2 protein chains.
Amino acid sequence: MSAAIELDSVDLALLAELQNDARISNKDLAARVGVAPSTCLARVQRLRQRGVIHGFRVVLDEKALGNTVEAFLAIQMTPHNQAFVPPFIEETLRRPGVREIFLLTGPDDFMVRVSVQDLNALQRLVLEHFTTRREIAAVQTRLIFQSWAGGPIGPT
Amino acid sequence: MSAAIELDSVDLALLAELQNDARISNKDLAARVGVAPSTCLARVQRLRQRGVIHGFRVVLDEKALGNTVEAFLAIQMTPHNQAFVPPFIEETLRRPGVREIFLLTGPDDFMVRVSVQDLNALQRLVLEHFTTRREIAAVQTRLIFQSWAGGPIGPT
DNA sequence: GATGAAACGATCATTTA
DNA sequence: TAAATGATCGTTTCATC
């Protein structure tokens with residue numbers, strides 16, 4: 001689940017195809033990478049077992065969901081409050097609009113990526129959930145104008 | 001593909017299930033949300049057509065892929081170089097290890113999320129791809145200690 | 001890792017509410 | 001108009017090579 005794992009060219013091809021369309025049928029997936037369906041099935045199952053594949057998720061269009069504003073919230077905690085971290089994470093993840101949380105090095109302790117209906121909803125989220133907490137010293141909002149995902153899988 | 005779209009409770013339930021496991025069979029998906037398989041199939045197809053669903057992706061374990069270091073690179077561009085943006089984005093996306101790029105408001109123009117083998121690979125990526133570019137004024141590296149994903153889908 | 005067959009699911013025309 | 005039924009067709013899956 002966490003050590004580096006040997007991946008041959010078939011594994012890498014499978015992962016690349018699943019990155020492109022995770023709901024492809026096993027038969028089509030097999031055809032695309034040039035193995036038999038049974039082999040393909042066993043390979044994908046093995047990649048899940050070995051922890052290379054964590055799961056499969058739908059990619060949603062935030063605008064279609066009604067969210068027009070995406071942002072990063074850069075959060076600085078007050079010093080020496082490590083005990084507050086787990087409940088902060090848990091409660092923040094439960095908050096609608098919160099997409100990802102990153103615990104970082106550097107001047108900002110956390111970055112929270114959010115996606116909300118509009119600027120009012122952003123303001124409400126920041127004021128009601130973040131700035132009211134004693135363990136939070138500062139919150140900076142950086143709006144996301146545009147984003148791009150992807151990049152090849154191979155070695156760095 | 002970009003305006004807000006009416007989603008009823010069945011749509012939201014489907015999206016929640018697909019967020020949890022995008023490779024669930026149509027039959028199981030139908031059973032989980034309490035509709036007939038044919039209805040389920042039509043609903044998911046409609047969500048794709050209306051652009052609510054962008055696609056389905058595999059979620060990989062970076063450590064299992066051999067990547068032990070994840071980081072954000074906060075990048076400041078030199079002023080008035082908008083023409084450099086599209087080629088910068090394109091070439092950065094092609095670079096192995098680059099996962100996401102965000103164009104932001106605030107002091108940092110871009111945030112690039114990367115995932116690489118080790119600190120040497122990170123150093124190489126930063127020095128070879130970023131700091132050598134004339135259009136880039138500064139790069140700050142913030143290592144990611146830990147991250148969490150998720151949160152409910154509903155309205156904000 | 002491939003083959004081939006049995007079991008199962010996806011899909012669509014039709015029916016029903 | 002939207003969802004369920006039920007038949008057909010294709011896919012998944014596993015024992016075997």
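In the text below, chain A, chain B and the rest are named by the order of the sequence lines, each starting its count at 1. Since the model is a prediction, treat every value here as computed from it, not as a measurement. Below, all heavy atoms of this structure are taken into account, side chains as well, without hydrogens, waters or symmetry copies.
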Report task. Ignoring backbone atoms, establish whether R43(B) has a side-chain N or O less than 4.0 Å from OP1 or OP2 of dA2(D). Result -> no

Query raised in the report: Are the side chain of T78(B) and the backbone of E135(B) linked by a donor-acceptor contact shorter than 3.5 Å?
Result: yes

Query - Residues forming a side chain to side chain donor-acceptor pair (under 3.5 Å) with E91(A), sequence neighbours excluded - result: R133(A)

**Report entry** Backbone of P96(A) reached by a side-chain donor or acceptor of T156(B) within 3.5 Å
**Finding:** no

Query raised in the report: Is there a side-chain contact between R48(A) and H54(A) (heavy atoms, below 4.5 Å)?
Result: no

Query raised in the report: Hey, are the side chains of L103(A) and I89(A) touching, using non-hydrogen atoms and a 4.5 Å cut-off?
Result: no

**Report entry** Distance in angstrom units between Q45(A) CD and dT13(D) C1', rounded
**Finding:** 9 Å

Query raised in the report: What's the spacing between E100(A) CD and M111(A) CE if we round to 0.5 Å?
Result: 10.5 Å

**Report entry** Along DNA chain C, first and last positions that approach a heavy atom of chain B under 4.0 Å
**Finding:** dG9(C) to dC12(C)

Query raised in the report: Which of these, V35(A), L41(A), L18(A), sits in a side-chain contact (heavy atoms from CB on, under 4.5 Å) with L29(A)?
Result: L18(A)

Look for any protein N or O under 3.5 Å of an N or O in nucleotides 8-11 of chain D and output each such pair with its distance, or none.
from	atom 1	to	atom 2	distance (Å)
dT11(D)	OP2	K27(A)	NZ	3.3

Query - Euclidean distance, atom CG of residue L14(B) to atom C1' of dA3(D) [Å, nearest integer] - result: 13 Å

Query raised in the report: Between the two end axes of the helix from dG1(C)-dC17(D) to dA17(C)-dT1(D), each built from 5 base pairs, what angle do you get to the nearest 10°?
Result: 30°

Return all side-chain donor-acceptor pairs below 3.5 angstrom for residues 124-131 of chain A, not counting sequence neighbours, or 'none' if the list is empty.
from	atom 1	to	atom 2	distance (Å)
E128(A)	OE1	R95(A)	NH2	3.4
H129(A)	NE2	T92(A)	OG1	2.9
T131(A)	OG1	V126(A)	O	3.4
T131(A)	OG1	L127(A)	O	3.1

Query raised in the report: Do the side chains of L93(B) and R99(B) get nearer than 4.5 Å, heavy atoms only?
Result: no

Query raised in the report: For the residue pair F102(B) and F145(A), is the inter-centroid distance of their aromatic rings smaller than 6.0 Å?
Result: no

Query raised in the report: Between F72(A) and R142(A), is there a cation-pi geometry (under 6.0 Å to ring centre, at most 45° from the normal)?
Result: no

Would you list the protein and nucleotides 4-6 of chain D atom pairs, both N or O, that sit under 3.5 Å from each other?
from	atom 1	to	atom 2	distance (Å)
dA4(D)	OP2	A36(B)	N	2.9
dA4(D)	OP2	T39(B)	OG1	2.6
dA4(D)	N7	S38(B)	OG	3.4
dT5(D)	O4	S38(B)	OG	3.3

Report task. Show your reasoning for whether salt bridge (charged side-chain N to carboxylate O under 4.0 Å, His left out) applies to D21(A) and R32(A). Result -> CA-CA 12 Å; D21(A) 175 13; R32(A) 276 175 176 277; over 6 Å; no

Report task. For D61(A) and I53(B), indicate whether the former's side chain and the latter's backbone hold a donor-acceptor pair under 3.5 Å. Result -> no

